[in-house]
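In what follows, residues are counted from 1 in the order of the sequence shown.
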Amino acid sequence: PIACRVAWHASGTFDARDGSGGSDGGTMRFEPERSDPANAGLGIVRDMLHEVHKKYPDVSQADIFTLAGALSIEFAGGPHVPHAFGRTDDRDGARCPAHGRLPDAAQGATHLRDVFHRMGMSDRDIVALSGAHTLGRCHFVRSGYDGKWTRSPLRFDNEYFRNLIHYTWKPREWDGKLQYTDVETNELMMLPTDIALKTDPGFRPFAELYAKDQEAFFRDFSAAYSRLLALG
């Protein structure tokens, strides 16, 4: 899960309007991008992948970040994600994007469209990419949120969408940020941005499709995630 996330966050800063941000340069190694609150905890996987770079110094760290993300999906049982090499490593943080370009889980549909449309992604892409939440969990010390979306957080499948669509979600009663828990079992969680996929009339048809058709989810996720990793 953390390899999927580092690749996502290294790439998701891209702005199609001016070509800034994105995966080229491996700029997450530098300030201020390294300390973006959205990237909390990613130093763990960057340190692990730096060992790979030392073994294969002709491969840029920017390529290694994105390759790790692509391979993580297939390793966890998901689809093959096409990946091309060719990124270079910047020498400093001069090209680091400003904080605030990555999704804020506390917001809703309008925010998701602002972030993803800036990258050149469609509503269908937004929902497909959100399916990455089928992997991993939230850690309170890193994000202020806590819990897992699925009962198998190390397996890439469409359980995230099945849970989102078929369970009833209510705000969690706790001393923390707004998040949701399922009424049926009280074991799982969703973020405000997740709930937006169910409540927004433009997003919901895709979430329903992926809940009933895992092959469609795999196909659309693979295409969108591959394009995401290539941004910039």
side-chain hydrogen bond (donor to acceptor under 3.5 Å, both in side chains) filter on Asp125, not counting sequence neighbours, yields Ser122, Arg227
Those residues at least two apart in sequence (or on a different chain) that pass salt bridge (Lys or Arg N to Asp or Glu O under 4.0 Å) with Glu159 are none
>> Could you tell me if the side chain of Leu228 sits less than 4.5 Å from the side chain of Met121, heavy atoms only?
In response: yes
*Would a distance-only check, ignoring hydrogens and angles, find a side-chain to backbone donor-acceptor pair under 3.5 Å from Asp90 to Thr27?*
no
ask   = When hydrophobic residues are tied together by side-chain contacts of less than 4.5 Å, even through go-betweens, does Leu112 share a cluster with Leu209?
value = yes
Heavy atoms of Ala38 and Leu102 approach each other most closely as CB-CD1, 3.8 Å
Exercise for review: Would you mind reporting whether His50 and Lys54 have side-chain heavy atoms less than 4.5 Å apart?
Suggested key: yes
Scanning both residues in full, the closest heavy-atom pair of Asp146 with Arg172 reads O-NH1, 3.6 Å
Between Phe161 and the options Phe206, Phe221, Phe217, the ring pair (Phe, Tyr, Trp, His ring centres under 6.0 Å) test singles out Phe217
Looking only at heavy atoms, the pair that brings Ala207 and Leu197 closest together is CB-O, 4.0 Å
(Q) Under a plain distance cut-off of 3.5 Å, with no hydrogens placed, do Ser226 and His83 share a side-chain donor-acceptor pair? (A) no
Discussion item. Do Thr199 and Arg204 make a side-chain contact, defined as non-hydrogen atoms from C-beta onward lying under 4.5 Å apart?
Written reply: no
(Q) A side-chain contact here means heavy atoms from C-beta on lying under 4.5 Å apart; do Leu191 and Cys138 qualify? (A) yes
- Answer with yes or no whether the side chains of Arg87 and Ser23 bring together a donor and an acceptor at under 3.5 Å. yes
Rounded to the nearest 0.5 angstrom, the CG-CD distance for Asn163 and Glu187 is 10.5 Å
### Message
If hydrophobic clusters are built from ILVMFWY residues whose side chains come within less than 4.5 Å, do Leu164 and Tyr167 share one?
### Response
yes
Those residues at least two apart in sequence (or on a different chain) that pass side-chain hydrogen bond (donor to acceptor under 3.5 Å, both in side chains) with Arg29 are none
* Distance-only, no hydrogens or angles: does the Asp63 side chain make a donor-acceptor pair with backbone N or O of Gly86 under 3.5 Å? -> yes
Nearest heavy-atom approach of Ala40 to Arg142 is CB-O, 3.5 Å
Exercise for review: Report yes or no: do Val81 and Leu154 belong to one cluster of Ile/Leu/Val/Met/Phe/Trp/Tyr joined by side chain heavy-atom distances under 4.5 Å?
Suggested key: no
Exercise. Is the backbone N or O of Gly131 less than 3.5 Å from a side-chain atom of Thr134, with the two atoms forming a donor-acceptor pair by type?
Worked result: no
Applying side-chain contact (heavy atoms from CB on, under 4.5 Å) to Asp220 and not counting sequence neighbours gives Arg124, Ala128, Tyr210
Contacts of Thr110 meeting side-chain hydrogen bond (donor to acceptor under 3.5 Å, both in side chains) (sequence neighbours excluded), chain-then-number -> none
Residue pairs passing the ring pair (Phe, Tyr, Trp, His ring centres under 6.0 Å) test with at least one member in residues 121-148, sequence neighbours excluded, are His133-Trp149, His133-Tyr160, Phe140-Trp174
(message) Could you check whether any side-chain N or O of Glu184 sits under 3.5 Å from a backbone N or O of Thr168, counting only pairs where one atom can act as donor and the other as acceptor?
(response) yes
**Item:** Short side-chain donor-acceptor distance under 3.5 Å, Thr181 and Asn186
**Value:** yes
Handout entry: Criterion salt bridge (charged side-chain N to carboxylate O under 4.0 Å, His left out) on Arg101 and Asp36, from CA distance to verdict
Key = CA-CA 10 Å; Arg101 291 196 180 188; Asp36 188 329; over 6 Å; no
Salt bridge (Lys or Arg N to Asp or Glu O under 4.0 Å) filter on Glu215, not counting sequence neighbours, yields none
The reported gap from CG in Leu135 to CZ in Arg155 (rounded to nearest 0.5 angstrom) is 10.5 Å
Do the side chains of Ile195 and Pro192 get nearer than 4.5 Å, heavy atoms only?
no
Checklist entry - So, the side chain of Asp89 versus the backbone of Ala62: is there a donor-acceptor pair under 3.5 Å, distance only? => result yes
For Ala109 and Ala196 the tightest heavy-atom approach is N-CB, 3.7 Å
Here the ring pair (Phe, Tyr, Trp, His ring centres under 6.0 Å) pairs for residues 98-126, sequence neighbours left out, are Trp8-Phe116
Sorted by chain and residue number, the salt bridge (Lys or Arg N to Asp or Glu O under 4.0 Å) partners of Asp200 (sequence neighbours excluded) come out as Arg113
CA sep, side-chain torsions, deciding dist, call: Phe218, Phe156, ring-ring contact (aromatic ring centres under 6.0 Å, His included):
CA-CA 9 Å; Phe218 276 21; Phe156 193 95; 5.7 Å; yes
Is Asp182 salt-bridged to Lys170, going by a charged N under 4.0 Å from an acidic O?
no
### Query
Can you find a heavy atom in the side chain of Lys198 that is under 4.5 Å from one in the side chain of Glu208?
no
Item to complete: Please tell me if the side chains of Trp169 and Leu188 come closer than 4.5 Å, counting only heavy atoms from C-beta onward.
Response: yes
Ionic contact status for Glu51 with Lys55, cut-off 4.0 Å:
no
When rounded to the nearest 0.5 Å, the distance separating OG of Ser222 from CD1 of Ile73 is 9.5 Å
When you measure from the side chain of Ser130 to the backbone of Ile126, do you find a donor-acceptor pair of N or O atoms at a distance under 3.5 Å? yes
Can you check whether Thr66 reaches Ser11 side chain to side chain, under 4.5 Å on heavy atoms?
yes
Note: with side-chain heavy atoms under 4.5 Å as the link, the other cluster members for Val59 come out as Ile2, Val6, Met28, Leu42, Ile44, Val45, Met48, Leu49, Val52, Tyr56, Ile64, Phe65, Leu67, Leu71, Phe85
Rounded to the nearest 0.5 Å, the CZ atom of Arg95 sits from the CD atom of Glu33 at a distance of 10.5 Å
On a heavy-atom basis, the closest approach of Thr13 and Gly22 is OG1-N, 3.0 Å
Rounded to the nearest 0.5 angstrom, the SG-CZ distance for Cys96 and Arg34 is 9.0 Å
For Phe75, the hydrophobic cluster (side chain heavy atoms closer than 4.5 Å, chained through members) also holds none
Sequence neighbours excluded, the answer for side-chain hydrogen bond (donor to acceptor under 3.5 Å, both in side chains) partners of Thr150 is none
* Heavy-atom donor-acceptor pair, Asp15 side chain to Ser20 backbone, under 3.5 Å -> no
